[in-house]
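Order of the sequence lines sets the chain letters (A, B, ...), proteins ahead of strands, with each chain counted from 1. Predicted, not measured: the structure shown is a model, and the values here were computed from it.
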Amino acid sequence: MGDVFKALADPTRRAIVDELTERNGQTLFELCGRLVMKHGLGSSRQAISQHLDVLEAAGLVRVRRAGRYRYHDLDTAPLEQAVRRWLPPSTTRLAGSRGSRAATDQEESP
Amino acid sequence: MRVNLASVLVDDQEKALRFYTDVLGFVPKVDVPVGEHRWLTVVSPEDPDGVELLLEPDAHPAAKQYKAALVEDGIPFTSFAVADCRAEHARLRGLGVVFTQEPAEMGPVTTAVFDDTCGNLIQIASMTASMTE
């Protein structure tokens, strides 16, 4: 798994995560349209594709093939793991009452 | 010089004619045999003397590869104007049309993208209501 924070250090990649938060499962075309029209980002389709590769390597985006189409799904699990590392167990949503060890081993889908 | 024609590359002209008329609501304009295929065009009933859409065979080997690459990335082959993208999306969904992009506001326009069953994605777009008022 790549570095989650390195992946999110780039504003374009954060905009991609923003848009996937608003609607999960987008085609490359829809994502590019949103970045241009809503964020004023003039990146090429190829550049966006490379940003998606970085997010995918960090485990934040998963590519889902459905027939002839390809969709991009957001996966926030790596973020939750990263946050749990520093936050006291009582402040993390996933920690519950079983303490940090249990929370670390517990997976929750987005 | 003027633009009178736009084309979509379809895998089956008869199937395309049915989809573009029965489902999308265009009307046949020209249908004449040309070799093993047809010169086959449809027009919008809202503009019968306007630009014709040529349902052109994708017989060239490179065409299928090109179309597949566009579809994989969700890129529409062409775009049609509609009065209300969300209403048209609901109508087409009711007819069983598959959308790869649900209606989304893209600045001044609302767009959606569907599969034309002939190997293409097609975008529909309308001016976003709040922007036209």
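Linking ILVMFWY side-chain heavy atoms closer than 4.5 Å, directly or via other members, places V63(A) and V54(A) in two distinct hydrophobic clusters. At a threshold of 4.5 Å between side-chain heavy atoms, the hydrophobic network of Ile, Leu, Val, Met, Phe, Trp and Tyr places V71(B) and L24(B) in one connected group. Residues V23(B) and L17(B) fall within the same hydrophobic cluster, defined by Ile, Leu, Val, Met, Phe, Trp and Tyr side chains chained together at heavy-atom separations under 4.5 Å. Linking Ile, Leu, Val, Met, Phe, Trp and Tyr residues whenever their side-chain heavy atoms come within less than 4.5 Å leaves V8(B) and V51(B) in two separate clusters. Note on F114(B): it does not cluster hydrophobically with V109(B), by side-chain heavy-atom contacts below 4.5 Å among ILVMFWY residues.
A distance of 9.0 Å separates OG1 of T111(B) from CE of M37(A), quoted to the nearest 0.5 Å. The structure places NZ of K67(B) at 8.0 Å from CZ of R68(A), a figure rounded to the nearest 0.5 Å.
Considering only heavy-atom pairs separated by less than 4.5 Å from chain A, the leading option among D115(B), L121(B), V113(B) is D115(B). With chain B as the partner, the residue from T27(A), L31(A), V36(A) showing the most heavy-atom pairs under 4.5 Å is T27(A).
Residue F99(B) comes nearest to Y71(A) through the heavy atom pair O-OH, 4.1 Å, listed as atom of the first residue, atom of the second, then distance. Shortest non-hydrogen contact noted between G74(B) and F29(A) is O-CB, 3.0 Å.
Comment: R45(A) does not engage D73(B) in a salt bridge, judged by the lack of any side-chain N to carboxylate O separation of less than 4.0 angstrom. E105(B) has no carboxylate O lying under 4.0 Å from a charged side-chain N of K38(A), or vice versa, which leaves the two without a salt bridge.
Y69(A) is not listed as a side-chain neighbour of E72(B), based on a closest heavy-atom distance of 4.5 Å or more. Between Q101(B) and R23(A) there is a side-chain heavy-atom pair separated by less than 4.5 Å.
Counting heavy atoms of neighbouring residues, nucleotides and ligands inside a 6.0 Å radius, atom CD of Q65(B) does not exceed 12 of them. Counted within 6.0 Å of NZ on K15(B), heavy atoms from surrounding residues, nucleotides or ligands total more than 12; the atom is thus considered enclosed. No more than 12 heavy atoms of other residues, nucleotides or ligands lie within 6.0 Å of OH in Y66(B), so this atom counts as exposed by the packing criterion.
Both the backbone and the side chain of E102(B) have a heavy atom closer than 4.5 Å to some heavy atom of chain A.
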